[in-house]
Amino acid sequence: MPLLVGRRVLLIITGGIAAYKSLELIRRLREQGARVRCILTRGGEQFVTPLSVAALSEEKVFQDIFSLTDESEMGHIRLSREADLLVVAPASANVLARMAAGIADDLATTVLLATDKPVLVAPAMNVRMWEHPATRANMATLAARGVRRVGPAAGDLACGETGAGRMAEVADILAAIADMLAAKALLAGRRALVTSGPTHEPIDPVRFIANRSSGKQGHAIAAALARLGAEVTLVSGPVAIPDPPGVRTVRVESATDMLAACQAALPADVAVFAAAVADWRVAEPAAQKRKKQEGAPPPTLSLAPNPDILATVARLETGRPTLVVGFAAETENVLDNARAKRRRKGCDWIVANDVSTGTGTFGGDDNTVHLIGADEEEAWPPMTKEAVAERLAERIALRLEARR
Ligand code: PMT
């Protein structure tokens, strides 16, 4: 049985050499039973013809917001209303920027601004454009609004350079579409607790001890669990990224505050501890700013151990979540250390990631993890933190279902 029978995809083809792959995408979507309507932007028209798009989709192709015929036959609002999913493939740097800024200056961006349907983008551009801070910021804004992304892949680019920027393969875009359209409320009625970000341990009113966690991994997990229908409380240390949509976010500063917020969020069916919690705090933070004394030696900080939040929750005698998942951030002997950490802290699964210098795990967009349980271990390929979150959320849903 084809995967997408009766599902309606609105495909927006913007300018880029990868637009030719969109023709193949239309063909594959139709093979899977989806109805595909297409918007071709002016840029997209430079790479594929309206005729080939119309022939493959067997639908009228929409190009112009000011076309009276289009507006009388099918208003731009109806175009989005009559779709289950909007897919932008290829998504140029320009369209991502206009989406992030909320600009509606052509049919594609107007529909994207007017829609309340899920949106998937498949970016395709030169590696430098992809890595430019502006594109990164635009992508982060869109992700925070719930826009999903597939790719880009790394490799040789049409511009002659090598790196990330190639549009994801059609099979991967198709898989992401199937995933989004099939997204069932696997976790409906379940409660989830997720920790994320660093903790700040005060030295005095202006200084603190912290670490490099950005919250990207933990926030993505909270969002992925919410997309599967869970009622999620995210307890987050201080981060610069927005709260994920559809999630109750509790912001805290220190490990002690984080423990209290976690305890208040229980009971939960699943708890995922992705926060990088400081193991120690300053035993006696100064009430006033510590002053530099001329000629005096630098002060020595006396540290006290912080509560272990994961271990506290995992070892609860009553009210322990059915599934407790920790993370292990390791810089050496990653797997052995993670296995030992899982046993020591008493969690069911631990997600091991290598955070040694050069991996970019702290703060970056990608992660390479191992999922470790008492009798199971899986090595996951390198992927985005969002993809790690999606996969982990699915695993959690399956495990909770098995224990129902
Ligand atoms: O935030 P990002 O920039 O996206 O980076 C993601 C990440 C690298 C922070 C994340 O993937 C990760 O590995 N999180 C765990 C970081 C960590 O503190 O690991 P750890 O090995 O020191 O701690 C093991 C586990 O115990 C973790 O689940 C941690 O949340 C928990 N812990 C640790 C100490 C403590 N006092 N209380 C805890 O709950």
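Each ligand, and each atom within it, is numbered from 1 in the order the structure gives. Bear in mind that the values here come from a model prediction, so they are computed numbers and not experimental data. These numbers come from the heavy atoms of this one structure, side chains and all, not from hydrogens, waters or symmetry mates.
- At the shortest separation from atom 22 (O) of ligand 1 among protein heavy atoms lies K341 NZ, 4.0 Å.
- Listed by number with element, the atoms of ligand 1 under 4.0 Å from a non-hydrogen atom of F362 are 3 (O), 9 (C).
- Residue G363 places a heavy atom under 4.0 Å from ligand 1.
- Among S214, A352, A278, the residue whose heavy atom sits closest to atom 3 (O) of ligand 1 is S214.
- When each atom of ligand 1 is checked for a heavy atom of D279 under 4.0 Å away, the hits are 34 (C).
- If you check which protein heavy atom lies closest to atom 25 (C) of ligand 1, you get F327 O, 2.9 Å.
- Close approach to A328 involves these atoms of ligand 1, each under 4.0 Å from a residue heavy atom: 21 (O).
- Nearest to atom 19 (O) of ligand 1 by heavy atom, out of A329, A276, S196, A314, is A329.
- The pair R391-E394 does not count as a salt bridge, with every side-chain nitrogen at least 4.0 angstrom from each carboxylate oxygen.
- Taking every heavy atom of Q217 and a limit of under 4.0 angstrom, the matching atoms of ligand 1 come to 4 (O), 6 (C), 11 (O).
- Distances from atom 39 (O) of ligand 1 to the heavy atoms of V324, V313, L310 show the closest one on L310.
- Within the 4.5 Å cutoff, the side chain of M167 has heavy atoms near those of the I173 side chain.
- In this structure, E169 pairs ionically with K21, as a charged nitrogen and a carboxylate oxygen lie closer than 4.0 Å.
- If you check which protein heavy atom lies closest to atom 37 (N) of ligand 1, you get I309 N, 3.1 Å.
- Per-residue contacts place G326 under 4.0 angstrom from the following atoms of ligand 1 (heavy atoms of the residue considered): 28 (O).
- Heavy-atom proximity to K385, at under 4.0 Å, picks out these atoms of ligand 1: 2 (P), 3 (O), 4 (O), 5 (O).
- V121 places a side-chain heavy atom less than 4.5 Å from the side chain of M99.
- Counting heavy atoms from C-beta outward, L266 and P321 have side chains that approach closer than 4.5 Å.
- Given atom 11 (O) of ligand 1, the protein heavy atom at minimum distance is N353 OD1, 2.6 Å.
- Residue contact check: F273 has heavy atoms under 4.0 Å from atoms 27 (C), 28 (O), 30 (O) of ligand 1.
- Ligand 1 does not have G218 within reach: every non-hydrogen atom of the residue lies 4.0 Å or more from it.
- The backbone of A274, and not its side chain, has at least one atom closer than 4.0 Å to an atom of ligand 1 (non-hydrogen atoms only; backbone = N, CA, C, O).
- Using a distance-only test at 3.5 Å, with no hydrogens or angles considered, no donor-acceptor pair links the side chain of T115 to the main chain of S80.
- Ionic pairing of R27 and E24 is present here: one or more N-O contacts between side-chain nitrogen and carboxylate oxygen are shorter than 4.0 angstrom.
- Contact check for F62 versus R37: side-chain heavy atoms found under the 4.5 Å cut-off.
- K345 counts as a contact of ligand 1, since one of its heavy atoms falls under 4.0 Å from the ligand.
- The closest non-hydrogen atom to atom 30 (O) of ligand 1, taken over A255, G215, A275, P305, comes from A275.
- Close contacts between ligand 1 and P307 involve ligand atoms 35 (C), 36 (N), 37 (N) [criterion: under 4.0 Å to a heavy atom].
- The protein heavy atom nearest to atom 1 (O) of ligand 1 is S213 OG, 2.6 Å.
- In R212, the CZ atom is not crowded: 12 or fewer heavy atoms of neighbouring residues, nucleotides or ligands sit closer than 6.0 Å.
- Between the side chains of S52 and T49, at least one donor N or O sits under 3.5 Å from an acceptor N or O.
- For the pair G364 and ligand 1, no heavy-atom separation below 4.0 Å is found.
- Under the 4.0 Å criterion applied to side-chain N and carboxylate O atoms, D84 and R8 are assigned as salt-bridge partners.
- Residue E284 holds its CD atom at 14.0 Å from CG of D204, rounded to the nearest 0.5 Å.
- By the side chain to side chain donor-acceptor pair (under 3.5 Å) test, D257 is found to be paired with S254, residues two or more places apart in sequence or in another chain being considered.
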